[in-house]
K.L.:
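Quick one: this structure, given as C-alpha cells, is what I'll be asking you about.
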Amino acid sequence: MPEYLLQRRRLLLAAVGSLALILLLGRFVLGAGTMTTAASLPPPPAMAGVTGLPSSRVVVDVVGAVRRPGLYRLAHGSRIADAVTRAGGATSKADLAQVNLAAPLADGEQVVVPRRGPAGAVGVGVSSGTTTAAPVQLSTATLEQLESLPGVGPVMAQKILDYRQAHGAFQSVDELDAVPGIGPKRLDQLRDLVVP
C-alpha cells in the first residue's frame, strides 16, 4: 500500500477520534442532564409545601385494637373510620365508643383504637395485670374526652376545640402551649396523657 494512502487513513482515523472526543466532552460539559429521560428523573416534590395546596394523600399510623396495625396512605379528606377499615377493621376487644370515627385525618397523625379493659375499663394494653388509660387524641377528641384530663374543665376543653378548629389537626403535643390558658406546667401535666 502506498505511503500517501497510509497517511490519509491515519489522518481520517485521527479526525474521527477527535470528533468523537469533542462530542463526548461537549455532552458532559455543555449538555449535562439535558438528555435525561422522564423515567430516570426523581419524582417531583410534594406540592403541598411549595404552593400551600393540600396533598392528595395522607399517611397515618393506625395502632391498638385493629386487625393490621401499621402505616396507611389514604385520600385527603378521609375519616378515622376509613383508617380503621383500611387496617382490617376493629377487633372484638376494641372500644370504638372512645374513638370519634367521623373526625377527619391529618397527615402524620396516629390513630389509637383503645381496647376494652376488665369490667368495662378502657385501656390500651395490659401490663403486669393493670390497665393504662388510652391517651386522648387531641386531633379527634370530643369535649367530654378533653374534660376527662386533669386540670381541663369545660372552658379549657372548649378552648382546645376552638384552637383545633382554627388551626387544623394537632401535629405535636407541644402545640397545646399555643392554646390560651395552657402554660408550661399544664403542658407537662398533660404530656403523657395525650397524643397529637
K.L.:
When rounded to the nearest 0.5 angstrom, what is the spacing between CD in Gln145 and CG in Asn100?
P.N.:
7.5 Å
K.L.:
Can you get from Val113 to Tyr72 by hopping between Ile, Leu, Val, Met, Phe, Trp and Tyr side chains that sit under 4.5 Å apart?
P.N.:
yes
K.L.:
I want to check something: taking the side chain as every heavy atom from C-beta on, are Leu149 and Val136 in contact at a cut-off of under 4.5 Å?
P.N.:
yes
K.L.:
Can you tell me how far the CD1 atom of Ile160 sits from the CG atom of Leu143, to the nearest 0.5 Å?
P.N.:
9.5 Å
K.L.:
If we only count heavy atoms from C-beta on, is the Arg164 to Leu161 side-chain gap below 4.5 Å?
P.N.:
yes
K.L.:
Can you tell me if Arg116 uses its side chain to pair, donor with acceptor, with the backbone of Ala94 under 3.5 Å?
P.N.:
yes
K.L.:
How long is the straight-line distance from CZ of Arg57 back to CZ of Arg73, given to the nearest 0.5 Å?
P.N.:
8.0 Å
K.L.:
Under a 4.5 Å cut-off applied to non-hydrogen side-chain atoms, are Asp174 and Arg191 in contact?
P.N.:
yes
K.L.:
Ignoring hydrogens and geometry, is there a side-chain-to-backbone donor-acceptor pair from Arg86 to Leu71 under 3.5 Å?
P.N.:
no
K.L.:
Is it true that Leu193 and Tyr163 fall in one hydrophobic cluster, defined by side-chain heavy atoms closer than 4.5 Å?
P.N.:
yes
K.L.:
Counting only pairs under 3.5 Å, give me each side-chain donor-acceptor contact of residues 101-111, with atom names and distances, residues two or more places apart or in other chains.
P.N.:
residue, atom, partner, partner atom, Å
Asp107, OD1, Val59, N, 2.8
Glu109, OE1, Ala106, N, 2.9
Gln110, NE2, Asp61, OD2, 3.2

K.L.:
If you define the side chain from C-beta out and look only at heavy atoms, does anything of Pro69 sit under 4.5 Å from Val62?
P.N.:
no
K.L.:
What is the distance from atom CD of Gln98 to atom CZ of Arg115, rounded to the nearest 0.5 Å?
P.N.:
14.5 Å
K.L.:
Heavy atoms, side chains only, cut-off 4.5 Å: are Val194 and Phe170 in contact?
P.N.:
no
K.L.:
Under 3.5 Å, which donor-acceptor pairs link side chains of residues 180-190 to any protein atom two or more places apart or in another chain?
P.N.:
residue, atom, partner, partner atom, Å
Arg186, NH1, Gly151, O, 3.0

K.L.:
Keeping Thr85 on the side-chain end and Ala81 on the backbone end, is there a donor-acceptor pair under 3.5 Å?
P.N.:
yes
K.L.:
Would you say the side chain of Thr140 lies within less than 4.5 Å of the side chain of Ile80, judging by non-hydrogen atoms?
P.N.:
yes
K.L.:
Using modelled atom types only, decide if a donor and an acceptor are shared between the side chain of Asp82 and the backbone of Arg79 within a distance under 3.5 Å.
P.N.:
yes
K.L.:
How many angstroms lie between atom CG of Leu74 and atom OG of Ser56, to the nearest 0.5 angstrom?
P.N.:
11.5 Å
K.L.:
Tell me whether Leu138 shares a hydrophobic cluster with Val99, the cluster being built from Ile, Leu, Val, Met, Phe, Trp, Tyr side chains joined at under 4.5 Å.
P.N.:
no
